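Beneath this line is the structure, given in structure tokens, with notes to follow.
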Amino acid sequence: MNSIAVLISGGVDSAVVVHQLCEQGYKPDLHYIKIGMEGEDSSCTAEEDIELSQATARKYGLTLEVTDLQKEYWDLVVGYAIDRIKRGLTPNPDVMCNRFIKFGAFEQKIGCHYDKIATGHYATTVLDEQGRTWLGTAKDPVKDQTDFLAQLSYEQLSHTLFPIGHLMKEEVRRIALEAHLPSAYRKDSQGICFLGKINYNDFIRKFMGEQEGRVIDIETGKVVGRHKGFWFHTIGQRKGLGLGGGPWFVVKKNIKKNIIFVAHGWDTQLQYGHQFRLADFHHITAPLPLQAGEELPIQFKIRHVDHFMEGTIRYEAPSAPTSLLDEDTALQGTYIVHSDAPIQGIAPGQFGCIYDADARICYGSGEIGI
């Protein structure tokens, strides 16, 4: 392995990746991908990100190249997000950013000229006895980011290094402080990758506008409030509803009538479910070792959280298509995930990420169906 491209973000994690590789004798090229929103309405942190990335490059005598992939991002990721929101689903733009931009468009334009691409994701790779590469979970379960990477192709995964996946977050921060990295004291970024400091609702309002609708208590049928559009709300949401006497949770949406249904109280069972269906399941390395009708013990996530849940997954064989329009979907079959423990906030459109029973390797992910 002679040439390595590091995707640097200006944060502490990717800076430590640079430090680790240089300590191992490599001289990686640094690449900053520009995808954020710009303009009057934006307070994107790209300028600060680039300054810190340049400072890291200077510290180690490395080159830094800024690659503008904003058009690709708007076409492939923002377009995806808006489409899902219009349909009443809950998108995950960060998952698609990894698949189509960081490991997609960048790979096609630049990354393909390197032996490996290194990133600051908290993940690992695992080789099996057949020499196949699997996406492995991070040592730090709280920071694990495999759910953001579970839509990568096998080729993308095989070309990637995760140099800090074997470290706890506090170890990464300590290395950065001891090495006097420019971003050592920088706080971890929060929120969706393309928004910077832009409020999510402000972003949605720009594309969807506002339309007042009713908020209905699903148990009593009474109107308990008003909202400004179902697209501002997601299943499982508690904050931002503007209702008194809470807690209240969003448990259902009527897209055609623009109605939000809520349930009251911490102990309401209406915010929980025990199973969900995965559409278009994406296998990273190999298909799940599962025949039709069988159940496989697994662990899973349905959003980016700091823990895994135990459950089983069952494959339902494809049905015969009734028309050419549903032929592709029918031929794929579907997966059903079940958990004896209650699952909070199952939101259609989010990704269900599937792991082996020990949560050591990630099989892949699929969108949660309605």
Side-chain angles (χ1 to χ4, degrees), residues 33-46 69-102 147-148 151 188-216 218 223-243 246-263 271 279 302-305 344-352 365 367-370:
I33 299 177
K34 193 174 183 179
I35 58 174
M37 298 170 61
E38 291 187 335
E40 295 179 0
D41 301 330
S42 174
S43 54
C44 183
T45 60
L69 295 177
Q70 291 181 97
K71 182 182 185 302
E72 291 85 349
Y73 192 90
W74 278 84
D75 290 345
L76 297 172
V77 180
V78 177
Y80 145 83
I82 297 301
D83 171 71
R84 293 302 192 275
I85 291 167
K86 286 180 178 178
R87 291 160 52 187
L89 304 175
T90 302
N92 193 323
D94 293 313
V95 172
M96 291 309 188
C97 179
N98 283 325
R99 177 177 177 177
F100 291 125
I101 305 302
K102 294 178 182 176
D147 51 316
F148 288 147
Q151 284 282 309
D188 292 344
S189 61
Q190 301 291 330
I192 297 171
C193 50
F194 64 83
L195 293 182
K197 296 179 181 178
I198 296 173
N199 179 272
Y200 179 76
N201 283 349
D202 290 342
F203 171 77
I204 300 302
R205 188 177 293 107
K206 179 178 180 180
F207 291 91
M208 301 289 290
E210 293 183 356
Q211 182 181 343
E212 189 173 280
R214 294 171 291 167
V215 179
I216 296 178
I218 197 169
V223 176
V224 294
R226 312 293 293 185
H227 64 84
K228 295 182 179 181
F230 70 79
W231 43 89
F232 293 113
H233 304 282
T234 185
I235 304 299
Q237 177 183 340
R238 178 173 67 87
K239 297 181 179 180
L241 295 174
L243 303 177
W248 294 90
F249 294 88
V250 176
V251 295
K252 186 179 179 181
K253 296 190 286 187
N254 185 316
I255 306 308
K256 291 183 179 180
K257 295 184 178 181
N258 192 30
I259 297 173
I260 299 295
F261 293 93
V262 295
Q271 63 166 310
I302 62 167
R303 60 176 58 84
H304 186 59
V305 292
Q344 193 269 338
I346 301 172
Q350 279 280 29
F351 285 94
S365 68
E367 277 192 325
I368 297 175
I370 298 175

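On a predicted model such as this, the values are computed, not experimentally measured, just so you know.
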[X] versus [Y]: any side-chain heavy-atom pair under 4.5 Å?
X	Y	result
S365	D147	no
Q350	I302	no
V78	Y73	yes
I82	F203	yes
E72	I101	yes
W231	Q211	yes

So does [Y] get a backbone contact from the side chain of [X], meaning a donor-acceptor N/O pair under 3.5 Å?
X	Y	value
R303	A347	no
K228	R205	no
Y80	N92	yes

Exercise. Any ion pair linking D83 and R87 (charged N to carboxylate O, less than 4.0 Å)?
Worked result: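 D83 and R87: salt-bridged.
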Looking at every heavy atom in both [X] and [Y], which two are closest together, and how far apart are they?
X	Y	result
I255	G88	CD1-CA, 3.6 Å
L241	W248	CD1-O, 3.6 Å
I35	C97	CD1-SG, 3.8 Å
F230	K86	CZ-O, 3.7 Å
A263	I218	CB-CG2, 4.3 Å
G225	L243	CA-CD2, 3.9 Å

With rounding to the nearest 0.5 Å, note down the distance linking [atom1] in [X] to [atom2] in [Y].
X	Y	atom1	atom2	value
D94	F351	CG	CZ	11.0 Å
E367	R84	CD	CZ	4.0 Å
F148	M96	CZ	CE	13.0 Å
I346	Q271	CD1	CD	11.0 Å
F261	K253	CZ	NZ	12.5 Å
H227	E210	NE2	CD	11.5 Å

For this session: Give me the one residue out of V224, N258, V223 that meets side-chain contact (heavy atoms from CB on, under 4.5 Å) with R214.
Result: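 Exactly one pass, corresponding to V223.
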